[in-house]
Amino acid sequence: MSGVGKGVTTASIGKILQDYGYKVTAVKIDPYINYDAGTLRPTEHGEVWVTDDGGEIDQDLGNYERFFGIDMPKRNNITTGQIYKTVIDRERSGGYLGKTVQFIPHIPDEIKRRIREASNGYDFTLVEIGGTIGDFENLPFLFAMKSIERELGGEDVCYILITYLPTPSHIEEMKTKPTQQAIRMLSENGIFPDFIICRARKPLDIVRKKKIETYVNIPSDHIISEPDIDTIYQIPLDLEKEEFGIKILNKFGMKPKKKSDLSEWSRLVDRIKNPKKTVKIAIVGKYVDIGDYHLADSYISINQALVHASAEFNSGIEINWIDSKELEKNQNRLNDLKSYDGIIIPGGFGESGVEGKIKAIKFARENNIPFLGLCYGMQLAVVEFARDVCNMKNANTTEVNPKTEYPVIDILPTQKKLLEESKYGGTMRLGAYAAILKDKTIVSQLYKERSRLKEDNERLSNLKRDPGQKFRLGVLEKDKDIVLERHRHRYEVNPKYTSLIEKNGLVFSGYHIRDDGKKLMEFIELPKNKFFVATQSHPEFKSRLGDPSPLFYGFIKAAIKS
Ligand code: GLN
């Protein structure tokens, strides 16, 4: 079922196989009809993950990227909507040559084509089928798996069932019944799991292992226990305790290509679990219409980026979610921000809670509390600076006030036209864009210190050789440092105001130059403050354990000192 940890388990299995020297990729299947996750509500579905090539995707792809340490293209996410749309478009353009287009074989065929395409060049492809066994919407995908098994031969396919064993609190006994039902329903689709991963509050005991063993008819060492953990990064280590990697390789008749070494990973996990100190961070956002939903899931990548950065300093992290609306009406709540080591304003859309966020930014700036602004967080930092330092009374983003006298954040004329025609899809800046960094800024120092400049510059020269690249490089300036970060927004800093704002002390430390020559601001900083940095991008999408995002790294470093 959803939420049981299929994504992180898949990511962990991939990490383990990678560690034995194999090239691994993963495909996430989302059985919903939406074409992609761009139009889903983050408060219902969790965060939207953005890929380098501009895909708006389910957050599981984020787990794969974080665990595998590779950048994945959007084609690694398949939705039912995409499959049907492709088949229907093909039919409309005469691609089926007068045949009757039917569920079988055309839908599973398209699913298989997509999986094969994503697998090109890899030793292993992990295909994660979302949802619950027995769901109607899963059927075409199970059918496609069976068909791939027939085409490849059973020895090249391994099925892993991830199941949940509940422990009802009134009896305190772990129940295997849902797992038995899942096995039965899988077998109705001709699928017999080679391994069963048992998610539960506690490790599985011998009695329950035996029960499942007899039911499914597989050796008990193929039944792997995966109890609740403090940090998701523990999972590969726990799975390896049961020698899961070798067992999977055995199933394929394969041997490790190299000796597995998870010692560096394990050292970082240990730091997350036993930190020497703790930094207290406030994330000021708009938390409305959430109901019982767990807030943390709508900012999962920011959470993870904070964990990655603080692990570098052997520090734990305490995150408090602060509803920006409360700051609008309650001065005491605003003053409470003094007790934090750092303040983050994350991305967001619309006008609700904006004035509270602006108040928090002013508070951070004036009280010299380390501040990191992400996307909307940067736009609102520019608004605050324009209002309070540059005397532009009521300056605003036109997203909130289209009639403001000082539209310091505005939509570009080319996008305006698309918006008027309600072509919202085309109005977003999505995916990785190159930013040119100004020398000797805090931002360029951080990217240099974390070796991201070199890495990205190398990737850029590779990209230039690859005409199929999906990055937006725009116009590059000679001998300037370049970084690639991902984007998901509509509005931009209005070029009309940049020089006036800069004269008042805010530094625009990086920009993208579009092919038509328009400059889009990517980073800002206030050199006088301990740490006051914001970006139009979402650097959290490229942060990994052992390779934290440079901006989060700088932010936590300053927060620890403060
Ligand atoms: N609402 C802002 C825009 O569309 C920022 C979006 C974001 O924070 N992701 O430009």
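Side chains included, hydrogens not; waters and symmetry mates left out as well; all remaining heavy atoms used. Counting starts at 1 for both ligands and their atoms, following the listed order.
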Minimum heavy-atom distance His487-Gln536, with the two atoms named: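 For His487 versus Gln536, the nearest heavy atoms are ND1-O, 3.8 Å.
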Shortest protein heavy-atom distance from [atom], along with the residue and atom involved:
{"atom": "atom 4 (O) of ligand 1", "answer": "Arg490 N, 3.0 Å"}
{"atom": "atom 10 (O) of ligand 1", "answer": "Tyr491 N, 2.8 Å"}
{"atom": "atom 9 (N) of ligand 1", "answer": "Arg488 O, 2.8 Å"}
{"atom": "atom 7 (C) of ligand 1", "answer": "Cys375 SG, 3.1 Å"}
{"atom": "atom 2 (C) of ligand 1", "answer": "Glu399 OE1, 3.2 Å"}

Between Glu492 and ligand 1, which part of the residue brings a heavy atom under 4.0 Å of the ligand: side chain, backbone, both or neither?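 Near ligand 1, Glu492 shows nothing, with every heavy atom at 4.0 Å or more.
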Among Tyr233, Phe552, Tyr553, which residue satisfies the ring-ring contact (aromatic ring centres under 6.0 Å, His included) criterion with His308?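 So the option named by the test is Tyr233.
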Which is closest to atom 6 (C) of ligand 1 in terms of heavy atoms, Gly347, Gly348, Gly350?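 The nearest heavy atom belongs to Gly348.
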Does Met428 have a heavy atom less than 4.0 Å from any atom of ligand 1?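 For ligand 1, residue contact (heavy atoms, under 4.0 Å) with Met428 is absent.
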Is the Trp49-Tyr64 ring centre distance short of 6.0 angstrom?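 Not close enough - the centres of the two rings lie 6.0 Å or further apart.
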Tell me whether the NZ or CZ atom of Arg429 lies within the 45° cone about the ring axis of Tyr433 and under 6.0 Å from its centre.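 Verdict for Tyr433: a cation-pi partner in Arg429.
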Per-atom contacts, ligand 1 versus His538 - under 4.0 Å to a heavy atom: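 Selected atoms, number and element: 9 (N).
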For a quick check under 3.5 Å, do Gln304 and Glu540 share a side-chain donor-acceptor pair by atom type?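 No, no side-chain donor-acceptor contact under 3.5 Å.
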For the residue pair Tyr299 and Trp321, categorise the inter-ring angle as parallel (less than 30°), tilted (30 to 60°) or perpendicular (more than 60°).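 Ring orientation of Tyr299 relative to Trp321: parallel.
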Name the orientation class of the two ring planes belonging to His538 and Phe541 (parallel below 30°, tilted from 30 to 60°, perpendicular beyond 60°).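 Ring orientation, 0 to 90° scale: tilted.
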